[in-house]
Every structure is written in C-alpha cells, then in structure tokens.
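Before any comments, here is the structure.
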Amino acid sequence: MRAYEITQAFGLENLKVVERPRPEPGPGQVAVAVSAVSLNYRDLLMVRGHYNPRQPLPLVPCSDGAGTVRAVGPGVSRVKVGDRVASCFFQGWSAGAVPRDKAALRSTLGGPLGGTLAEEVILEEGGVVAAPAGLSDEEVATLPCAALTAYSALLRQGGLQPGDTLLIQGTGGVALFGLAFAKMAGARVIITSSSDEKLERARALGADETINYKSTPEWGKAARALTDGAGVDHVLELGGAGTMQESLRAVRAGGHISLIGVLAGGAAKLDLTPVLMQNVRIQGVLVGSRSDFEAMNRAIVQHDLRPVIDRTFAFDEAPAAFEHMGAAAHFGKICVRVG
Ligand SMILES: NC(=O)c1ccc[n+]([C@@H]2O[C@H](COP(=O)([O-])OP(=O)(O)OC[C@H]3O[C@@H](n4cnc5c(N)ncnc54)[C@H](OP(=O)(O)O)[C@@H]3O)[C@@H](O)[C@H]2O)c1
C-alpha cells in the first residue's frame with residue numbers, strides 16, 4: 001500500500017510517497033482502508049518541522065481521515081468489517097475531561113503516532129467513530145480535528161447561548177465550523193478575514209457582521225462597536241498571541257475567549273490587565289474526546305450540517321494540497337482523495 005511519509009528531514013520537499021506492507025491490526029485494533037483525508041494547519045506545521053522539531057521521522061502525516069474497516073484484530077467489539085468510520089484525533093481519549101496521563105495526551109495521529117495520509121491505517125478500536133450518515137467521504141474527513149475543536153470550544157466549554165454574539169477570526173477550517181455551530185445554536189456571528197470576497201462568502205453562510213482585519217487593524221474595537229459598546233460574549237481565538245490584544249478589546253466583561261490557534265504567533269508582548277479588570281475567562285481548547293465527537297455527529301445529522309470544502313486534491317497531488325494551505329487562499333477545509 002502507498003503512504004506519504006515525511007522522510008529523513010522536515011520540509012514539504014521531503015514529503016514522499018512510499019510503498020509499505022499492508023498493516024495488520026493487533027489486539028484491540030482495526031485496519032481502515034482510507035478513502036479521504038483532510039488537512040489541518042497543524043499538519044502543515046508538522047511537515048515543515050515547526051510543530052515538534054523533535055518528532056522522530058519518518059512520519060505519516062495528518063490526523064483526519066474517513067474510510068472503511070477492512071479488518072479487525074482479536075477482541076474488537078466496537079466496530080466490524082465494512083463499517084464506515086472517521087479517525088479520532090486522540091486515539092486514547094474516550095470521554096470526560098482532558099486526560100491527565102501523558103500516554104493518552106500523546107496518542108495523537110499525524111505525530112507522535114503515524115497519521116492518515118495512507119491507503120491503510122491501523123487505529124485503536126476506541127479511536128474511531130461511526131461516520132455520520134449522509135456525508136461524503138471528504139465531508140466525514142473534515143470532522144475529527146477542526147469540527148470537534150469548534151464544537152468543544154463553543155458548545156461544550158463555552159456554553160454558547162442563543163442570542164449571544166461570537167467573534168470568529170478568519171475563514172479557515174475551524175472558523176467555518178465555528179460559524180456553522182454558532183448558527184445552529186442561534187448566536188450572532190461577527191467574522192473577520194483578510195479578504196472581502198471571503199467575507200461575502202461567509203455572509204452567504206450566515207455570518208451577521210464582517211470585518212476585514214487587514215483594512216481594519218483595530219478589528220477588536222470595531223467588533224465591540226457592533227455590540228453597542230458592550231463587547232462580544234465569546235471569541236474563537238485562532239490567531240493566538242498576535243491577535244489576543246484585539247480579542248481583549250472586543251470581549252465583554254465576564255466574556256469567554258477560547259484559545260485555540262497560533263496562526264498569528266505563539267508569543268507576543270501582551271497587556272493582560274483587561275483579563276482581570278474585565279473578569280474575562282480564557283480557556284485553552286484541545287480538540288475533544290471520542291464521546292464529544294459522537295455527540296457532535298448527532299448534532300450534524302440532526303441539523304443537516306454540511307462542512308465547507310474548499311478543494312479536494314488527488315492522492316498524487318497531496319504536496320500541492322499542503323502548498324495550497326500554506327498560501328492561505330482557502331475558504332474552509334482542504335481534502336485529499338485517497339481510495
Ligand atoms: N487547539 C486545538 O485543539 C486546535 C485544533 C485545530 C486547530 N488549531 C489551530 O487553530 C488554528 C486554525 O486552524 P485551521 O486548521 O482552521 O487553519 P486554516 O484552515 O489553515 O485557517 C487559515 C485561515 O486563518 C485565517 N488567519 C490567518 N492568520 C490570521 C490572523 N492573523 N487573524 C485572523 N485570521 C487569520 C486566514 O483567514 P482569511 O484568509 O479569511 O484571512 C487563513 O486563511 C491553527 O493555529 C491551528 O493550529 C488548534
């Protein structure tokens with residue numbers, strides 16, 4: 001079977017197709033014939049060597065995949081051959097709060113564990129969920145990381161309520177799932193983007209207010225003005241340190257910031273006074289558990305939510321898919337067709 005590997009060194013030029021023996025599942029494991037994969041910004045950072053420069057190589061990248069169970073190992077009872085499944089980002093987080101033990105925290109696909117950008121992948125039986133009915137392979141493949149992160153941030157940890165105002169940064173994968181879940185919950189959404197054309201497309205998906213963060217560098221102030229000066233109830237913080245100061249200008253007293261991404265950097269000089277003076281809650285978010293993935297999928301089916309896919313690349317074009325993500329010209333998710 002064919003797989004992509006980051007070979008001896010990091011860098012997109014070292015992402016190569018290799019032939020590997022077809023893997024067989026051990027006790028408690030399943031072999032999944034992968035049909036589609038979606039990319040996350042983390043996968044790009046991993047390939048470039050910016051996510052964990054000490055990650056041992058070679059590594060099959062990517063955490064998110066959809067496919068069909070081809071074989072099951074001894075003792076497997078949760079799934080059977082022929083089931084349509086999606087991978088779980090964490091192979092060892094079944095339910096409840098974020099695990100305390102390091103092994104479970106390190107059970108993530110696409111580093112440290114081998115990932116999904118391959119024709120077959122071995123997963124734990126507890127590391128897959130049933131694919132939601134009615135979605136294509138590519139649509140299922142968009143769910144494990146980006147969708148679950150937005151769901152965890154807004155509906156599990158953030159307690160988003162109908163009538164709340166949510167500020168979302170950008171129009172990438174997590175952002176557009178955030179928009180979809182917010183609309184599902186009856187919230188008002190202010191979305192930012194570097195592109196007026198993308199903002200128009202976000203409006204067509206239900207965004208109530210839009211701000212171009214390039215032409216309006218003080219977009220936090222602008223977002224606050226859109227709430228009659230009160231501030232937004234919730235922020236999906238995807239930029240990280242580089243955007244947090246504006247997020248703190250936008251959020252209301254007692255509001256909530258879900259700290260998810262580092263698109264604008266992981267370190268910066270920040271004035272944290274508003275956090276205490278305004279009683280702001282900042283919550284780190286780390287994808288989510290299998291049980292929450294299953295709950296999210298029930299909501300997706302119930303509300304007929306369709307993930308936004310920017311473009312699907314053929315398996316042979318996977319390096320171009322990573323380049324496309326690096327160019328940040330996409331709107332929503334980028335997928336790779338595998339089988
Ligand atoms: N903590 C977790 O569990 C978790 C899970 C998933 C993702 N993440 C993180 O969340 C972030 C987003 O991931 P993703 O996969 O959704 O990425 P993505 O699809 O590549 O999103 C990229 C988009 O983000 C927007 N963006 C970039 N810089 C920005 C800035 N300074 N201000 C506002 N928007 C900006 C741009 O939108 P426009 O083109 O519209 O400007 C860009 O197209 C990444 O940092 C990723 O590592 C974390």
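For the numbers below, each heavy atom of this structure counts, side chains included, while hydrogens, waters and symmetry mates do not. If you read the sequence from its start, that first residue is 1, and numbering goes on from there. Atoms within each ligand, like the ligands themselves, are counted from 1 in listed order.
Those atoms of ligand 1 with a heavy atom of S193 less than 4.0 angstrom away are 38 (P), 40 (O), 41 (O). Short contacts between ligand 1 and T243, defined as distances under 4.0 Å to a heavy atom of the residue, involve ligand atoms 31 (N), 32 (N).
Where the criterion is an N or O separation shorter than 3.5 Å, residue side chain and backbone included, G239 fails it with respect to ligand 1. Checked by distance only, ligand 1 and R42 stay at 3.5 Å or farther apart across all their nitrogen or oxygen atoms.
For F315 and Y4, the ring centers are positioned less than 6.0 Å apart.
In this structure, H330 is part of the shell of residues with a heavy atom less than 4.0 angstrom from ligand 1. Under a 4.0 angstrom heavy-atom cut-off, G173 registers as being in contact with ligand 1. Under a 4.0 Å heavy-atom criterion, C145 is in contact with ligand 1.
Among protein heavy atoms, atom 44 (C) of ligand 1 sits closest to Y41 CD2, 3.6 Å. The protein atom (non-hydrogen) at minimum distance from atom 29 (C) of ligand 1 is Y213 OH, 3.5 Å. Nearest to atom 43 (O) of ligand 1 among the protein's heavy atoms is A328 O, 3.6 Å. Among all protein heavy atoms, the one lying closest to atom 16 (O) of ligand 1 is V174 N, 2.9 Å. Counting only heavy atoms of the protein, atom 3 (O) of ligand 1 lies nearest to V287 N, 2.8 Å. The shortest contact between atom 12 (C) of ligand 1 and any protein heavy atom is with L263 CD1, 3.7 Å. Scanning the protein for heavy atoms near atom 45 (O) of ligand 1, the closest one is V262 N, 2.9 Å. Atom 31 (N) of ligand 1 has A264 CB, 3.5 Å as its closest protein atom, hydrogens excluded (heavy atom only).
Between D164 and R252 no salt bridge is recorded (no basic side-chain N to carboxylate O distance below 4.0 Å). At a threshold of 4.0 Å, the pair K183-D208 counts as salt-bridged, since one of the basic side-chain nitrogens sits closer than that to a carboxylate oxygen. A salt bridge links E209 with R188: at least one charged nitrogen is closer than 4.0 Å to a carboxylate oxygen.
Heavy atoms of M325 found under 4.0 angstrom from ligand 1 belong exclusively to the side chain. Only the side chain of T149 comes within 4.0 Å of ligand 1, counting heavy atoms alone; its backbone N, CA, C and O stay farther away. If you look at F331 next to ligand 1, there are no close heavy atoms at all, none under 4.0 Å.
Comparing S247, G261, S194, G265 by heavy-atom distance to atom 11 (C) of ligand 1, the nearest is G261.
Counting only N and O atoms by type, the side chains of S247 and E237 include a donor and acceptor under 3.5 Å apart.
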Exercise for the section: Apply the test salt bridge (Lys or Arg N to Asp or Glu O under 4.0 Å) to residues D310 and K198: give CA-CA distance (whole Å), side-chain angles for both, the deciding distance (0.1 Å), then the verdict. Expected result: CA-CA 11 Å; D310 175 81; K198 289 183 181 182; over 6 Å; no
Exercise for the section: Start with the C-alpha gap between E24 and R70, add the side-chain angles, then the distance that decides, and say whether salt bridge (Lys or Arg N to Asp or Glu O under 4.0 Å) holds. Expected result: CA-CA 10 Å; E24 289 305 327; R70 178 190 58 80; 3.4 Å; yes
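R337 contributes no side-chain N or O that, together with a main-chain N or O of A36, makes up a donor-acceptor pair within less than 3.5 Å. Not one N or O on the side chain of E120 forms a donor-acceptor pair closer than 3.5 Å with the backbone of A118. The main-chain N or O of G170 is never found under 3.5 Å from a side-chain atom of S193 such that the two would form a donor-acceptor pair.
Considering only heavy atoms from C-beta on, V251 stays 4.5 Å or farther from Q278 through its side chain.
In summary, of the residues considered (R84, R306, K333), a salt bridge (charged side-chain N to carboxylate O under 4.0 Å, His left out) with E139 occurs for R306 alone.
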